[in-house]
Amino acid sequence: MSHSHQFVALFGLFFSSCVHAVEFFADALYWHTTEAIDWVYANDQHLPNQTITYKTLSFDFEPGFRLGINSQGNCKAALYYTRFHTHSSDAVFGNVISGFISDRIANFPNGHFFQAGQINIAIDYNMFDVDLSKSFYFGERVIFAPMLGIRGGWINQKIQSTFQGSVSAVENVKNDFIGLGPKAGVDTQLSLFCANNTDFGLFADFSVSYLWGHWKIRDVYVDTTPATVRVIVPSRHIGALATQAILGLHFNHKDLSIKLGYEIMDWFEQCQFFDNGTGAHSNNLVLQGYTFRLSYSL
């Protein structure tokens with residue numbers, strides 16, 4: 001049985017035994033990405049005191065979404081899909097050298113400077129979650145819900161850089177990941193006001209997941225000398241640890257629920273490209289920003 005069919009079967013069994021009502025929800029995401037990628041460095045060649053400046057990519061806030069279905073009651077089952085796509089670009093002028101390893105190999109031992117460089121990066125995040133939780137009530141205002149689940153999906157990163165000078169070059173780097181594994185966490189809720197089918201308060205959710213993953217890493221460099229370098233890393237089958245947390249406000253009125261929070265997700269050692277100075281990298285991928293949820297129960 002495929003992993004997707006196992007997800008559906010597990011969700012269906014738990015859902016049928018626990019369901020009291022069905023809640024459909026949609027999250028509007030407004031996130032930005034943090035990932036340490038020093039894609040180029042420039043040398044001012046002012047002898048005898050030279051200054052080398054590294055340029056690191058930065059990302060702006062961009063929209064995404066999360067869609068799902070959730071059962072209601074003391075025991076809950078949830079199935080949802082998260083989609084986030086972001087991109088960034090940059091340019092530099094001067095005496096520059098690519099920050100990736102293929103350029104170093106192509107120009108060893110007599111390297112040369114480019115006079116200009118440009119880069120574009122795209123990160124495509126797609127993740128499916130199945131969560132099973134049980135709610136415990138402490139008085140009338142505090143809810144504590146431990147959660148176990150399964151997470152699976154893929155994160156693809158594509159980098160294209162171009163350089164111009166006495167020699168022109170194009171370099172393409174791919175860092176693609178796919179994985180599946182368990183997750184655990186806890187959801188908490190504090191009611192500050194509750195009356196007339198209306199509830200308002202705070203919520204804080206935390207989870208950690210560990211996905212058995214597969215990485216596909218490629219780096220291809222082509223220049224006008226002509227020279228071609230292909231860096232092909234053997235498939236990596238290692239675990240991927242991720243933590244996730246969100247803190248915010250909730251408002252419930254009858255069958256309608258609204259949540260607004262700030263969410264942060266840290267994927268450890270997600271970016272594993274090779275640079276031309278220190279070799280292999282294992283940089284964290286951090287996604288964070290505002291999450292607005294609108295849900296309705298039937």
Side-chain angles (χ1 to χ4, degrees), residues 3-29 65-83 127-153 179-192 194 197 199-212 240-267 287 291-298:
H3 293 308
S4 61
H5 291 166
Q6 292 174 3
F7 286 162
V8 173
L10 178 63
F11 178 76
L13 289 173
F14 192 89
F15 184 84
S16 62
S17 63
C18 294
V19 64
H20 296 281
V22 177
E23 178 187 63
F24 296 92
F25 61 87
D27 293 357
L29 313 176
F65 67 87
R66 180 184 292 125
L67 299 175
I69 182 173
N70 186 35
S71 67
Q72 296 295 289
N74 288 340
C75 51
K76 298 180 180 180
L79 172 65
Y80 51 95
Y81 164 66
T82 305
R83 160 77 172 172
M127 207 61 58
F128 295 86
D129 291 79
V130 176
D131 296 345
L132 309 176
S133 62
K134 171 73 173 179
S135 296
F136 298 91
Y137 293 82
F138 297 86
E140 297 180 353
R141 296 185 177 273
V142 178
I143 301 176
F144 180 83
M147 177 271 295
L148 293 174
I150 299 174
R151 169 173 287 168
L180 174 73
K183 62 182 290 193
V186 60
D187 300 339
T188 60
Q189 184 171 299
L190 171 65
S191 295
L192 301 177
C194 184
N197 295 318
D199 177 62
F200 172 80
L202 304 173
F203 74 95
D205 303 338
F206 175 80
S207 67
V208 59
S209 59
Y210 188 81
L211 280 62
W212 183 249
L241 178 67
T243 58
Q244 182 177 3
I246 181 171
L247 174 67
L249 302 171
H250 76 266
F251 173 81
N252 304 321
H253 179 69
K254 295 184 178 179
D255 297 325
L256 179 67
S257 177
I258 296 174
K259 287 184 175 181
L260 176 63
Y262 193 86
E263 186 169 356
I264 183 168
M265 186 182 304
D266 190 348
W267 287 83
L287 307 173
T291 300
F292 176 77
R293 171 169 295 187
L294 182 65
S295 56
Y296 189 81
S297 299
L298 299 177

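Hydrogens, waters and symmetry mates play no part in the numbers below; they use all other heavy atoms, side chains included. Numbers for residues simply follow the sequence, beginning at 1. Not measured: the values here are computed from a predicted model.
Between the Thr188 side chain and the Ala204 main chain, a donor and an acceptor come within less than 3.5 Å of each other.
The shortest side-chain heavy-atom distance between Phe292 and Ile258 falls under the 4.5 Å cut-off. Looking only at side-chain heavy atoms (C-beta outward), Gln244 and Ser209 stay at 4.5 Å or farther from each other. Counting heavy atoms from C-beta on, the side chains of Leu287 and Leu29 never come closer than 4.5 Å. You'll find the side chain of Leu211 stays beyond 4.5 Å of the side chain of Leu180, heavy atoms only.
For Tyr262, the ring-ring contact (aromatic ring centres under 6.0 Å, His included) partners at least two apart in sequence or on another chain are Tyr290. Take Ala26 and apply the side-chain contact (heavy atoms from CB on, under 4.5 Å) test, not counting sequence neighbours, and it matches Leu67. For Leu249, the side-chain contact (heavy atoms from CB on, under 4.5 Å) criterion is met by Phe200, Leu202, not counting sequence neighbours. Partners of Phe24 by side-chain contact (heavy atoms from CB on, under 4.5 Å), not counting sequence neighbours, listed by chain and number: Val22, Ile69, Leu298.
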Determine whether Phe251 and Leu260 satisfy the following criterion, side chain to side chain contact (heavy atoms under 4.5 Å, CB included), listing intermediate values before the conclusion. CA-CA 9 Å; Phe251 173 81; Leu260 176 63; over 6 Å; no
With side chain to side chain contact (heavy atoms under 4.5 Å, CB included) as the criterion, how do Asp187 and Asp131 come out once you've worked through the C-alpha distance, each side chain's angles and the decisive distance to 0.1 Å? CA-CA 11 Å; Asp187 300 339; Asp131 296 345; over 6 Å; no
Verify side chain to side chain contact (heavy atoms under 4.5 Å, CB included) between Arg293 and Ile246, making sure each step is shown before the conclusion. CA-CA 12 Å; Arg293 171 169 295 187; Ile246 181 171; over 6 Å; no
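Scanning both residues, Phe25 and Ser295, for their nearest heavy atoms gives CB-CB, 3.5 Å. The two residues Leu190 and His250 make their nearest non-hydrogen contact at O-CE1, 3.6 Å. Here the closest heavy-atom approach between residue Phe203 and residue Gly261 is recorded as CZ-CA, 4.4 Å. The two residues Ala77 and Asn70 make their nearest non-hydrogen contact at O-OD1, 3.1 Å. Heavy-atom minimum distance, Ala184 versus Leu148: CB-CD2, 3.8 Å.
Judged as a salt bridge (charged side-chain N to carboxylate O under 4.0 Å, His left out), the pairs with a partner in residues 240-267 (not counting sequence neighbours) are, in order, Arg66-Glu263.
Annotation: the span from Leu247 atom CG to Thr291 atom OG1 amounts to 11.5 Å, rounded to 0.5 Å. Rounded to the nearest 0.5 angstrom, Asn74 CG and Lys134 NZ are separated by 5.0 Å. Rounding to the nearest 0.5 Å places CG of Leu256 at 9.0 Å from OG of Ser297.
Using modelled atom types and a 3.5 Å distance limit, the side chains of Ser257 and Asn252 yield a donor-acceptor pair.
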Check residues 137-147 and write down every donor-acceptor pair under 3.5 Å in which the side-chain atom is one partner and the other belongs to a residue at least two apart or another chain.
unit_1: Arg141; atom_1: NH1; unit_2: Ser191; atom_2: O; d: 3.1
unit_1: Arg141; atom_1: NH1; unit_2: Leu192; atom_2: O; d: 3.3

